[in-house]
Amino acid sequence: ARVGLDLPAYLTLPPGSDGKNLPMVINHHGGPRARDYWGFNPEVQLMANRGYAVLQVNFRGSTGFGQAFDKAGWGKWGAEMQHDITDSVQWAIEEGIADPERVCIYGGSYGGYAAMAGITFTPELYKCGINYVGVTDINLLFDTMPASWKLVREEMKRTIGDPDDEESARLMAERSPINDVDKIRVPLLMGYGKQDPRVVLDHALKLEKKLKQYEVDYELIIEEKEGHGFRKFENQVEWYTKLIDFLDENLKKDRVPATE
(Lines give C-alpha, C1' and ligand atoms only; values in the text may rest on other atoms or scores of the structure.)
Protein backbone atom coordinates (compact mmCIF):
# COMPACT_ATOMS: atom_id res chain seq x y z
CA ALA A 1 0.00 0.00 0.00
CA ARG A 2 1.03 3.65 -0.37
CA VAL A 3 2.16 3.78 3.28
CA GLY A 4 4.38 0.72 2.93
CA LEU A 5 1.87 -1.66 4.52
CA ASP A 6 1.99 -5.21 3.13
CA LEU A 7 -1.42 -6.39 1.90
CA PRO A 8 -1.98 -10.17 1.69
CA ALA A 9 -3.73 -10.87 -1.60
CA TYR A 10 -4.64 -13.68 -4.01
CA LEU A 11 -4.29 -13.44 -7.77
CA THR A 12 -6.11 -15.93 -9.97
CA LEU A 13 -5.23 -16.07 -13.67
CA PRO A 14 -7.24 -17.50 -16.58
CA PRO A 15 -6.21 -20.99 -17.73
CA GLY A 16 -3.54 -20.85 -20.42
CA SER A 17 -2.81 -17.19 -19.76
CA ASP A 18 0.67 -15.67 -19.74
CA GLY A 19 -0.51 -13.40 -16.93
CA LYS A 20 0.04 -10.16 -18.85
CA ASN A 21 -2.20 -7.29 -19.98
CA LEU A 22 -5.39 -9.06 -18.95
CA PRO A 23 -8.89 -7.78 -18.29
CA MET A 24 -9.12 -7.85 -14.50
CA VAL A 25 -11.78 -7.89 -11.82
CA ILE A 26 -10.80 -6.72 -8.37
CA ASN A 27 -13.08 -8.78 -6.15
CA HIS A 28 -12.81 -7.96 -2.44
CA HIS A 29 -14.53 -9.60 0.50
CA GLY A 30 -17.43 -8.30 2.56
CA GLY A 31 -17.56 -7.94 6.30
CA PRO A 32 -15.39 -5.92 6.28
CA ARG A 33 -14.03 -7.72 9.35
CA ALA A 34 -13.52 -10.94 7.45
CA ARG A 35 -10.88 -12.14 5.00
CA ASP A 36 -10.25 -13.93 1.73
CA TYR A 37 -8.57 -17.33 1.93
CA TRP A 38 -6.43 -19.39 -0.41
CA GLY A 39 -8.45 -22.20 -1.93
CA PHE A 40 -11.23 -22.96 -4.36
CA ASN A 41 -13.69 -20.09 -4.72
CA PRO A 42 -16.43 -20.86 -7.27
CA GLU A 43 -17.16 -17.19 -7.97
CA VAL A 44 -13.49 -16.41 -8.64
CA GLN A 45 -13.07 -19.57 -10.72
CA LEU A 46 -16.10 -18.65 -12.84
CA MET A 47 -14.56 -15.30 -13.77
CA ALA A 48 -11.11 -16.79 -14.38
CA ASN A 49 -12.67 -19.53 -16.54
CA ARG A 50 -14.20 -16.81 -18.71
CA GLY A 51 -10.83 -15.14 -19.28
CA TYR A 52 -10.52 -12.64 -16.44
CA ALA A 53 -7.72 -12.18 -13.96
CA VAL A 54 -9.19 -11.86 -10.47
CA LEU A 55 -7.43 -10.03 -7.64
CA GLN A 56 -8.62 -10.46 -4.04
CA VAL A 57 -6.96 -8.14 -1.55
CA ASN A 58 -7.15 -8.33 2.23
CA PHE A 59 -7.27 -4.60 2.87
CA ARG A 60 -6.52 -3.22 6.33
CA GLY A 61 -9.39 -4.02 8.64
CA SER A 62 -9.44 -7.64 7.45
CA THR A 63 -9.24 -10.22 10.20
CA GLY A 64 -6.70 -13.00 10.55
CA PHE A 65 -3.56 -10.88 10.19
CA GLY A 66 -3.14 -9.61 13.73
CA GLN A 67 -4.86 -7.04 15.90
CA ALA A 68 -2.90 -4.07 14.55
CA PHE A 69 -3.94 -4.86 10.96
CA ASP A 70 -7.57 -5.27 12.06
CA LYS A 71 -7.66 -2.01 14.04
CA ALA A 72 -5.95 -0.11 11.22
CA GLY A 73 -9.29 -0.28 9.40
CA TRP A 74 -11.46 1.04 12.21
CA GLY A 75 -13.27 4.18 11.08
CA LYS A 76 -11.61 3.98 7.67
CA TRP A 77 -14.48 3.04 5.36
CA GLY A 78 -13.98 4.95 2.11
CA ALA A 79 -10.59 6.20 3.29
CA GLU A 80 -7.49 4.07 3.99
CA MET A 81 -9.41 0.83 3.49
CA GLN A 82 -10.41 2.05 0.04
CA HIS A 83 -6.88 3.28 -0.67
CA ASP A 84 -5.68 -0.31 -0.18
CA ILE A 85 -8.01 -1.52 -2.93
CA THR A 86 -6.94 1.34 -5.20
CA ASP A 87 -3.26 0.60 -4.55
CA SER A 88 -3.81 -3.10 -5.33
CA VAL A 89 -5.23 -2.21 -8.73
CA GLN A 90 -2.31 0.12 -9.36
CA TRP A 91 0.10 -2.68 -8.40
CA ALA A 92 -1.52 -5.07 -10.90
CA ILE A 93 -1.26 -2.43 -13.63
CA GLU A 94 2.36 -1.59 -12.83
CA GLU A 95 3.25 -5.30 -12.84
CA GLY A 96 1.79 -5.59 -16.33
CA ILE A 97 -0.87 -8.06 -15.17
CA ALA A 98 -3.93 -5.85 -15.66
CA ASP A 99 -4.76 -3.87 -18.77
CA PRO A 100 -5.44 -0.38 -17.32
CA GLU A 101 -8.29 0.06 -19.79
CA ARG A 102 -10.07 -3.13 -18.71
CA VAL A 103 -10.52 -3.19 -14.93
CA CYS A 104 -13.85 -3.75 -13.16
CA ILE A 105 -14.52 -3.55 -9.41
CA TYR A 106 -16.92 -6.04 -7.81
CA GLY A 107 -17.93 -6.95 -4.28
CA GLY A 108 -20.81 -7.93 -2.01
CA SER A 109 -22.10 -6.34 1.20
CA TYR A 110 -19.18 -4.23 2.44
CA GLY A 111 -17.55 -5.27 -0.82
CA GLY A 112 -20.52 -3.74 -2.64
CA TYR A 113 -19.90 -0.54 -0.70
CA ALA A 114 -16.25 -0.61 -1.75
CA ALA A 115 -17.27 -1.18 -5.38
CA MET A 116 -19.50 1.88 -5.23
CA ALA A 117 -16.77 3.85 -3.48
CA GLY A 118 -14.36 2.80 -6.23
CA ILE A 119 -16.46 4.14 -9.09
CA THR A 120 -17.35 7.34 -7.22
CA PHE A 121 -14.08 8.26 -5.47
CA THR A 122 -11.66 6.95 -8.16
CA PRO A 123 -13.83 6.80 -11.30
CA GLU A 124 -10.82 7.06 -13.62
CA LEU A 125 -9.54 3.66 -12.49
CA TYR A 126 -12.47 1.46 -13.56
CA LYS A 127 -14.43 0.63 -16.68
CA CYS A 128 -17.40 -0.80 -14.77
CA GLY A 129 -18.67 -1.56 -11.28
CA ILE A 130 -20.70 -4.40 -9.76
CA ASN A 131 -22.47 -3.85 -6.46
CA TYR A 132 -24.00 -6.94 -4.85
CA VAL A 133 -26.20 -6.19 -1.77
CA GLY A 134 -23.86 -3.32 -0.94
CA VAL A 135 -24.12 -0.42 1.51
CA THR A 136 -24.53 2.88 -0.32
CA ASP A 137 -25.29 5.12 2.69
CA ILE A 138 -23.36 4.42 5.91
CA ASN A 139 -25.73 6.39 8.14
CA LEU A 140 -28.69 4.48 6.65
CA LEU A 141 -26.97 1.25 7.71
CA PHE A 142 -27.31 2.40 11.33
CA ASP A 143 -30.79 3.89 10.90
CA THR A 144 -32.19 0.58 9.61
CA MET A 145 -30.22 -1.76 11.85
CA PRO A 146 -32.35 -4.79 12.84
CA ALA A 147 -33.17 -5.31 16.51
CA SER A 148 -30.96 -8.40 16.56
CA TRP A 149 -27.93 -6.15 15.98
CA LYS A 150 -28.54 -4.05 19.11
CA LEU A 151 -25.82 -5.82 21.09
CA VAL A 152 -23.18 -5.17 18.42
CA ARG A 153 -24.17 -1.55 17.73
CA GLU A 154 -21.52 -0.22 20.11
CA GLU A 155 -18.85 -2.31 18.43
CA MET A 156 -19.95 -1.03 15.03
CA LYS A 157 -19.77 2.54 16.30
CA ARG A 158 -16.12 1.91 17.14
CA THR A 159 -15.21 0.10 13.95
CA ILE A 160 -17.30 2.09 11.44
CA GLY A 161 -18.33 5.40 13.01
CA ASP A 162 -20.75 6.92 15.49
CA PRO A 163 -23.91 8.32 13.90
CA ASP A 164 -24.71 10.06 17.19
CA ASP A 165 -21.52 12.11 17.01
CA GLU A 166 -21.83 15.12 14.71
CA GLU A 167 -18.30 14.95 13.26
CA SER A 168 -18.40 11.18 12.84
CA ALA A 169 -21.81 11.34 11.15
CA ARG A 170 -20.46 14.03 8.81
CA LEU A 171 -17.52 11.82 7.83
CA MET A 172 -19.81 8.84 7.24
CA ALA A 173 -21.99 10.96 4.96
CA GLU A 174 -18.89 12.23 3.13
CA ARG A 175 -17.73 8.65 2.58
CA SER A 176 -21.13 7.37 1.43
CA PRO A 177 -21.20 6.74 -2.34
CA ILE A 178 -24.82 7.86 -2.58
CA ASN A 179 -23.63 11.43 -2.08
CA ASP A 180 -21.17 11.31 -5.01
CA VAL A 181 -23.25 9.73 -7.76
CA ASP A 182 -22.50 12.67 -10.04
CA LYS A 183 -18.90 11.40 -10.30
CA ILE A 184 -19.82 8.00 -11.76
CA ARG A 185 -18.68 7.64 -15.37
CA VAL A 186 -19.00 3.89 -15.95
CA PRO A 187 -21.80 1.29 -16.24
CA LEU A 188 -23.05 -0.24 -13.00
CA LEU A 189 -24.69 -3.60 -12.27
CA MET A 190 -26.48 -4.10 -8.95
CA GLY A 191 -28.23 -6.99 -7.22
CA TYR A 192 -30.34 -6.80 -4.03
CA GLY A 193 -32.75 -8.98 -2.08
CA LYS A 194 -36.07 -7.37 -1.19
CA GLN A 195 -36.14 -9.09 2.20
CA ASP A 196 -32.59 -8.19 3.24
CA PRO A 197 -32.56 -7.20 6.94
CA ARG A 198 -28.90 -6.11 6.94
CA VAL A 199 -28.55 -3.92 3.89
CA VAL A 200 -32.17 -2.95 3.34
CA LEU A 201 -33.51 -2.37 -0.16
CA ASP A 202 -33.60 1.40 0.43
CA HIS A 203 -29.83 1.39 -0.17
CA ALA A 204 -30.61 0.47 -3.77
CA LEU A 205 -33.83 2.43 -4.25
CA LYS A 206 -32.48 5.73 -2.92
CA LEU A 207 -29.35 5.27 -4.99
CA GLU A 208 -31.45 4.49 -8.06
CA LYS A 209 -33.17 7.90 -7.87
CA LYS A 210 -29.79 9.61 -8.05
CA LEU A 211 -28.54 7.31 -10.80
CA LYS A 212 -31.54 8.39 -12.88
CA GLN A 213 -30.99 12.03 -11.96
CA TYR A 214 -27.41 11.93 -13.25
CA GLU A 215 -28.22 9.61 -16.17
CA VAL A 216 -25.84 6.87 -15.07
CA ASP A 217 -25.92 3.66 -17.11
CA TYR A 218 -27.10 1.04 -14.61
CA GLU A 219 -29.10 -2.15 -14.18
CA LEU A 220 -30.73 -3.12 -10.89
CA ILE A 221 -31.81 -6.71 -10.21
CA ILE A 222 -34.17 -7.14 -7.23
CA GLU A 223 -35.06 -10.63 -6.10
CA GLU A 224 -38.38 -10.62 -4.26
CA LYS A 225 -37.76 -13.62 -1.99
CA GLU A 226 -34.07 -13.18 -1.22
CA GLY A 227 -32.25 -11.58 1.70
CA HIS A 228 -28.60 -10.67 2.14
CA GLY A 229 -27.29 -12.56 -0.86
CA PHE A 230 -29.03 -14.86 -3.32
CA ARG A 231 -29.52 -18.40 -2.02
CA LYS A 232 -31.98 -19.89 -4.50
CA PHE A 233 -30.17 -21.75 -7.27
CA GLU A 234 -32.17 -20.22 -10.10
CA ASN A 235 -31.41 -16.71 -8.78
CA GLN A 236 -27.71 -17.50 -8.54
CA VAL A 237 -27.71 -18.71 -12.14
CA GLU A 238 -29.49 -15.53 -13.26
CA TRP A 239 -27.09 -13.30 -11.32
CA TYR A 240 -23.87 -14.90 -12.50
CA THR A 241 -25.08 -15.13 -16.10
CA LYS A 242 -25.83 -11.42 -15.96
CA LEU A 243 -22.47 -10.73 -14.28
CA ILE A 244 -20.44 -12.49 -16.97
CA ASP A 245 -22.43 -10.83 -19.75
CA PHE A 246 -21.83 -7.47 -18.08
CA LEU A 247 -18.07 -8.06 -17.81
CA ASP A 248 -17.87 -9.23 -21.42
CA GLU A 249 -19.74 -6.18 -22.64
CA ASN A 250 -17.79 -3.60 -20.67
CA LEU A 251 -14.28 -4.99 -20.68
CA LYS A 252 -14.40 -5.43 -24.47
CA LYS A 253 -13.23 -8.97 -24.87
CA ASP A 254 -14.48 -11.91 -26.88
CA ARG A 255 -16.65 -14.19 -24.84
CA VAL A 256 -14.79 -17.30 -23.74
CA PRO A 257 -16.87 -20.51 -23.77
CA ALA A 258 -17.02 -22.49 -20.55
CA THR A 259 -14.50 -25.31 -20.24
CA GLU A 260 -15.39 -28.75 -19.00
Side-chain angles (χ1 to χ4, degrees), residues 1-2 24-32 55 57 59-61 73 75-93 98 100-144 160-161 163 168-192 199-222 243 246-247 249-251:
R2 65 191 67 182
M24 189 183 83
V25 180
I26 180 142
N27 179 213
H28 36 276
H29 63 75
L55 181 61
V57 58
F59 44 79
R60 75 192 75 191
K76 303 301 182 182
W77 282 40
E80 284 85 347
M81 292 168 71
Q82 194 68 30
H83 298 338
D84 291 347
I85 294 172
T86 299
D87 293 346
S88 299
V89 174
Q90 296 286 14
W91 169 85
I93 292 171
E101 298 300 318
R102 295 190 293 167
V103 179
C104 190
I105 184 168
Y106 166 41
S109 195
Y110 170 81
Y113 162 83
M116 292 302 308
I119 63 173
T120 53
F121 304 151
T122 52
E124 72 285 350
L125 200 57
Y126 303 106
K127 292 303 175 185
C128 60
I130 305 174
N131 162 19
Y132 180 50
V133 299
V135 174
T136 64
D137 182 335
I138 305 174
N139 284 296
L140 180 63
L141 179 67
F142 280 87
D143 293 342
T144 58
I160 301 175
S168 182
R170 183 192 68 79
L171 278 175
M172 289 196 294
E174 185 179 288
R175 295 170 180 174
S176 293
I178 195 170
N179 296 319
D180 284 286
V181 173
D182 60 306
K183 297 177 182 176
I184 299 176
R185 299 288 182 269
V186 298
L188 171 64
L189 174 65
M190 300 188 293
Y192 283 82
V199 179
V200 298
L201 188 58
D202 269 356
H203 283 274
L205 299 182
K206 290 184 176 183
L207 177 67
E208 184 176 36
K209 291 181 180 179
K210 290 199 171 183
L211 292 171
K212 290 179 177 178
Q213 177 185 347
Y214 291 104
E215 299 182 339
V216 175
D217 180 5
Y218 80 95
E219 180 173 359
L220 171 60
I221 296 173
I222 300 173
L243 183 149
F246 181 79
L247 291 175
E249 179 180 354
N250 290 289
L251 298 190

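Everything numeric here is computed off the predicted structure, so don't read it as measured data.
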Got a sec, which pairs hit side chain to side chain donor-acceptor pair (under 3.5 Å) with one end in residues 178-187, sequence neighbours left out? Asp180-Lys183

Any side-chain heavy-atom pair from [X] and [Y] closer than 4.5 angstrom?
| X | Y | result |
| --- | --- | --- |
| Val216 | Lys210 | no |
| Leu141 | Tyr113 | no |
| Thr144 | Asp202 | no |

Set of side-chain hydrogen bond (donor to acceptor under 3.5 Å, both in side chains) partners for Arg60, sequence neighbours left out: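 If we apply the side-chain hydrogen bond (donor to acceptor under 3.5 Å, both in side chains) test to Arg60, skipping adjacent residues, the hits are Asp84.
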
Could you tell me which non-hydrogen atom of [X] sits nearest to which non-hydrogen atom of [Y], and how far apart they are?
| X | Y | value |
| --- | --- | --- |
| Ile119 | Gly129 | CG2-CA, 4.0 Å |
| Arg175 | Phe121 | O-CZ, 3.6 Å |
| Tyr192 | Asn131 | OH-ND2, 2.8 Å |
| Val57 | Ser88 | CG2-OG, 3.2 Å |
| Ala115 | Gly107 | CB-N, 4.1 Å |
| His28 | Ala114 | NE2-CB, 3.3 Å |

In terms of heavy-atom contacts, does CD of Glu215 have more than 12 from other residues, nucleotides or ligands at under 6.0 Å?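 No.
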
For the residue pair Tyr106 and Tyr132, categorise the inter-ring angle as parallel (less than 30°), tilted (30 to 60°) or perpendicular (more than 60°).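 The arrangement is tilted - the two ring planes meet at 30° to 60°.
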
Would you mind telling me which of Val25, Ile26, Val89, Asn27 makes a side-chain contact (heavy atoms from CB on, under 4.5 Å) with Leu55? Ile26

Are the aromatic rings of His29 and Phe59 close, with centres under 6.0 Å apart?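 His29 vs Phe59: aromatic centres under 6.0 Å.
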
